[in-house]
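Lettering follows sequence order; numbering is per chain, from 1.
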Number of protein chains: 2
Amino acid sequence: MGLDLEAVTGVLASKGLKITHQRIVVYQALLAAKNHPTAEQIYDSIKSQNPSISLATVYKTLETLAENLLIHKVSTPQGTMRYDARIDNHNHIYISNTNEILDYEDEELSKILLNYLKKKNFDNLSITDFKVQIKGEKINPDKGISIT
Amino acid sequence: MGLDLEAVTGVLASKGLKITHQRIVVYQALLAAKNHPTAEQIYDSIKSQNPSISLATVYKTLETLAENLLIHKVSTPQGTMRYDARIDNHNHIYISNTNEILDYEDEELSKILLNYLKKKNFDNLSITDFKVQIKGEKINPDKGISIT
DNA sequence: TATCAATTAATAATTATTATTATTTGGGAT
DNA sequence: ATCCCAAATAATAATAATTATTAATTGATA
Ligand SMILES: [Mn+2]
Ligand SMILES: [Mn+2]
Ligand SMILES: [Zn+2]
Ligand SMILES: [Zn+2]
């Protein structure tokens with residue numbers, strides 16, 4: 001799912017961001033990641049190919065990408081921030097015994113919630129985000145989960 | 001809503017916890033709080049009456065209470081942990097411009113979600129928590145919000 | 001009342017993140 | 001193609017939140 005160089009530079013340019021090697025590399029690393037990594041995990045994944053990059057730059061780059069709505073920040077029950085290149089609307093499952101974050105998306109659930117929200121009137125509150133947060137643990141940590 | 005001394009000691013005893021002054025004071029402070037305080041806010045609220053109490057003890061006491069399911073830990077988008085003496089099932093609204101956490105409870109929503117969940121089958125996943133997380137901001141930060 | 005494991009206070013250490021600042025660089029102007 | 005400079009980066013220090021360590025204290029039990 002990772003975008004190639006031209007696509008990434010195009011996306012950065014579309015936001016008026018300077019095209020820097022660091023931004024390209026961090027963004028591509030997150031696009032390639034399948035596991036909602038931390039800043040440090042992204043740093044670890046790119047530093048062998050980019051020995052002079054700084055962890056602080058990774059943090060700052062991720063912040064910049066998030067401000068420009070190119071990525072999302074995902075807060076976790078443990079308090080450490082994680083990052084997500086998926087910016088379409090979807091929910092997350094936090095798996096406490098493996099520390100994984102899985103994407104969870106269900107058309108039916110989205111519809112139910114949207115429908116519920118439409119009926120409610122929140123006075124003096126502008127809702128910026130509304131999602132379901134599922135927490136659980138894997139019965140067998142070595143296996144995947146499936147939903148039916 | 002704060003429980004009195006006998007009630008609090010009774011609750012602690014029911015969990016087999018030693019009745020210490022620190023536990024009583026921290027627990028009562030959280031019971032009296034109406035705003036999902038941080039550990040430090042609880043510490044600040046009790047230290048004038050308990051000058052020798054340590055912030056680390058407040059953290060440890062809250063952890064102990066949470067482990068014994070007497071209180072809940074509430075993670076926030078900012079990553080700092082907050083605490084809640086309400087342990088019945090309810091949802092939270094995070095208000096980003098005032099840093100408030102409001103309780104949000106709606107019978108209809110609970111029913112909808114429970115009903116949805118019952119139909120789904122999550123294989124290899126044991127769900128420990130399932131809630132709605134609303135994020136928003138107050139239009140007028142000085143006023144309350146109301147929901148209709 | 002004596003005993004002792006559990007708890008606490010004091011403080012150090014750790015983790016995650018942000019701030020500072022001197023240096024470098026991308027990209028528009030020449 | 002070179003010049004220029006605001007913006008970005010690397011290196012590092014600082015901060016904030018939380019956890020660990022340890023010696024002293026204390027609640028509960030005998
Ligand atoms: Mn922090
Ligand atoms: Mn932390
Ligand atoms: Zn995701
Ligand atoms: Zn609450």
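Distance CD1/B/I145 to CD1/B/I139: 10.5 Å, rounded to 0.5 Å. Separation of atoms NZ (B/K119) and CG (A/L109) is listed at 10.0 Å; rounding is to 0.5 Å.
Distance from the side chain of A/T20 is smallest to C/dG26 among C/dG26, C/dT8, D/dA10. When each of C/dT11, D/dA10, C/dA16 is scored by its nearest atom to the side-chain atoms of A/E40, the top-ranked nucleotide is C/dA16. With D/dA10, C/dA9, D/dT9 as the candidates, the nucleotide lying closest to the side chain of A/T61 is D/dT9. Of the candidate nucleotides D/dT18, C/dA10, D/dA11, D/dT18 has the atom nearest to the side chain of B/M81.
The NE2 atom of A/H21 sits 12 Å away from the P atom of C/dT25 (whole-angstrom rounding). In this structure, A/I53 atom CD1 and C/dT25 atom C1' are separated by 14 Å, rounded to whole Å. When rounded to the nearest whole Å, the span between CG of A/L17 and P of D/dA6 equals 19 Å. What separates CZ of B/R23 from C1' of C/dA9 is a distance of 15 Å, to the nearest Å. Atom CG of A/L12 and atom C1' of C/dG26 are 13 Å apart (whole Å). Summarising the geometry, the separation between CG on A/N50 and P on D/dT9 is reported as 12 Å, rounded to the nearest angstrom. B/I24 places its CD1 atom 13 Å from the C1' atom of C/dT7, with the value rounded to the nearest Å. Nucleotide C/dT17 holds its C1' atom 15 Å from the CD atom of A/Q41, rounded to whole Å.
Nearest-nucleotide positions on DNA chain C for A/K60 and A/L55 put A/L55 closer to the 5' end. Positionally, the nearest nucleotide of DNA chain D for A/S52 lies more toward the 5' end than for the other of A/S52 and B/R82. For the pair A/I19 and B/K18, both in contact range of DNA chain C, the more 5′-proximal nearest nucleotide belongs to B/K18.
Remark: side-chain polar atoms of B/N124 are paired, donor with acceptor, to backbone N or O of A/N140 under 3.5 angstrom.
Each of B/K34, B/R86, B/K131 was checked for a salt bridge (charged side-chain N to carboxylate O under 4.0 Å, His left out) with B/D103, and the lone residue meeting it is B/R86.
Taking only side-chain nitrogens and oxygens, A/Q22 never comes nearer than 4.0 Å to OP1 or OP2 of C/dT25. Taking only side-chain nitrogens and oxygens, A/Y59 never comes nearer than 4.0 Å to OP1 or OP2 of C/dT18.
The residue A/T57 sits close to a base: some heavy atom pair falls under 4.0 Å. Among the protein residues, B/A56 comes within range of the nucleic acid bases, having at least one heavy atom under 4.0 Å from a base atom.
The six-membered or imidazole ring of A/Y104 lies near that of B/F122, with a centre-to-centre distance under 6.0 Å.
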